[in-house]
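Counting convention: from 1, in listed order, for ligands and their atoms alike. We number each residue from 1, following the sequence as shown.
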Amino acid sequence: MKNAVLRLLRENSPGYISGEEICKRMGVSRTAIWKHIQALRAEGYDIDSQTHSGYRLVAVPDRLYPEEIYCGLESVILGRNVYYFDSTASTNQAAREIAAGGGAEGTLVVAEEQTGGRGRMGRGWYAPRYLGIFCSLILRPELPPTEAPPVTMLAAVALARAIQEVCHIKAGIKWPNDILIGGKKLCGILTEMSAEMERLNYLVVGMGVNVNTADFPGELKEIATSLKIETGAFVSRRLLLQRLLYQFEQLYRVWLDKGFKPVLAEWKEYCVTLNCPVRVTSVRETLEGWAEDVDDTGALLLRLPDGTLKQLVAGEVSLRTQ
Ligand code: ATP
């Protein structure tokens, strides 16, 4: 009901709609309408009311409410069902629970803040309230589990496309799961999978984007950046998320219809950690060599000083350019 009132206000924006008209369209009393208007105001919607003209939507809040995401969203499946949290430990964790309970393909979990956000290998992810996009998508592609890992690379391309579209800056992809600008980390991606031997149950693709963060704490100051820092301007998280969902869906279709090759080709155009010397660290060892290529499974092909080619699987290693 509250959302229906919001839709009417939006349809008439920037003009007024009378209380009487809202009552007639919704078949409820003026008191009920007033309560919904108050509830919307409490959520941050700026709604003007004039005795003779009625109500007018003046401004919407910078929040990722489901209604805000749906309004103007061009994707058909992704982000059509949104679970919203003002704060949650981790959107990936919430998404895994929702997926385990039958959450449909395309379901999006979004939070204004993550208190226990994770990177790979149990590392933390800094996710301050209202300043970034912290979200996870549930996907159920009909693929064998072995073919699923490149979805992380697909997500990186979708993010890079959306950033280019909204902010007009070219982001670089760092193998396997980060987006960088000027060598500093802008986004991280964490994919988790539930599968049995031959069958993929679901994928959860978590993405953290530093959007309007003005500064970072401690050691992150040196290694992290945000779109606001890079562009010098406030960036609409709603718009960026909508474009991300749209671009993700386009690439996802290509992947399922034509295979991963076309997505990989675009990924390579954005990649800034290929054809350069790199150091790769895993729990077992540190290897130095030339980042020669990435194969169709998303593994890095590292040319070692002795001339051998080593295949490195994402998820186990950290990469640094030398
Ligand atoms: P590496 O850079 O070693 O390869 P990674 O890039 O894969 O690791 P993740 O494990 O995906 O890193 O992300 C966690 C790391 O990212 C943390 O250890 C921290 O250094 C950094 N980090 C945490 N929060 C943020 C943030 N909001 N923006 C940028 N970097 C962050």
As an exercise, identify every atom of ligand 1 less than 4.0 angstrom from a heavy atom of [X].
| X | answer |
| --- | --- |
| Leu319 | 4 (O) |
| Lys174 | 1 (P), 2 (O), 4 (O), 6 (O) |
| Arg320 | 1 (P), 2 (O), 3 (O), 4 (O) |

### Query
Are any of the side-chain nitrogens in Glu67 or Lys2 under 4.0 Å away from the carboxylate oxygens of its partner?
no

### Message
Counting only heavy atoms closer than 4.0 Å, does ligand 1 sit against the backbone of Asn210, its side chain, both, or neither?
### Response
side chain

### Message
Just to be sure I read this right, does ligand 1 sit under 4.0 Å from the backbone of Leu186, its side chain, both, or neither, counting only heavy atoms?
### Response
neither

### Task
Under the ring-ring contact (aromatic ring centres under 6.0 Å, His included) rule, collect the residues that match up with Tyr83, sequence neighbours excluded.
none

### Summary
Ranking Glu222, Lys185, Glu219, Gln114 by closest non-hydrogen atom to atom 30 (N) of ligand 1, top hit is Lys185

### Task
Would you check if there is a donor-acceptor pair between the side chains of Asn201 and Ser194 at a distance under 3.5 Å?
yes

### Connected hydrophobic set around Met197, excluding itself, where side chains approach under 4.5 Å
none

### Query
Can you find an N or O of Asn177 that's nearer than 3.5 Å to an N or O of ligand 1?
yes

### Aromatic ring proximity Tyr84/Tyr65, centre distance under 6.0 Å
yes

